[in-house]
Amino acid sequence: GDWSSDVCSSDLMDATDQRSNELSAKKIALQETFKLHTAENGFSYEEWISPPAGSFYENYKKDLAEVDNEMAPAITYQS
């Protein structure tokens, strides 16, 4: 079956698109959660700059960084 190579490459593209869609959705969900949190609790600049261990801000920044890293794996910044 010559056709199998075509199927594989298109599946790979779909998987990549699907992954980036998942990541975009995750990022939007994180931002919504953040808006809700700050609407209820106000925004704490101190906690944003140095979040206490296990705090909302720490988890938010960690999750957001993970999503951003996965969304842009090809981009590496070098000083």
Mind checking side chain to side chain contact (heavy atoms under 4.5 Å, CB included) for Lys27 and listing every partner two or more places apart, or none if nothing turns up? Gln31, Leu64, Val67, Asp68, Met71
Where is the tightest heavy-atom contact between Gly42 and Tyr57, given as atom of each residue plus distance? O-OH, 3.6 Å
Between atom CG of Leu30 and atom NZ of Lys62, what is the distance when rounded to the nearest 0.5 Å? 10.5 Å
dist His37:NE2 -> Ser44:OG (nearest 0.5 Å) comes out at 8.0 Å
Those residues at least two apart in sequence (or on a different chain) that pass side chain to side chain contact (heavy atoms under 4.5 Å, CB included) with Thr33 are Phe56
Calculate, to the nearest 0.5 Å, the distance between atoms OH and CH2 belonging to Tyr60 and Trp48 respectively. 5.5 Å
Dump the intermediate steps for side-chain contact (heavy atoms from CB on, under 4.5 Å) on Glu58 and Glu47, then the final yes or no. CA-CA 8 Å; Glu58 186 195 47; Glu47 283 195 18; over 6 Å; no
Gap separating the CG atom of Leu23 from the CD atom of Glu66, nearest 0.5 angstrom: 10.5 Å
If you count heavy atoms of other groups shown closer than 6.0 angstrom to NZ of Lys26, is the number above 12? no
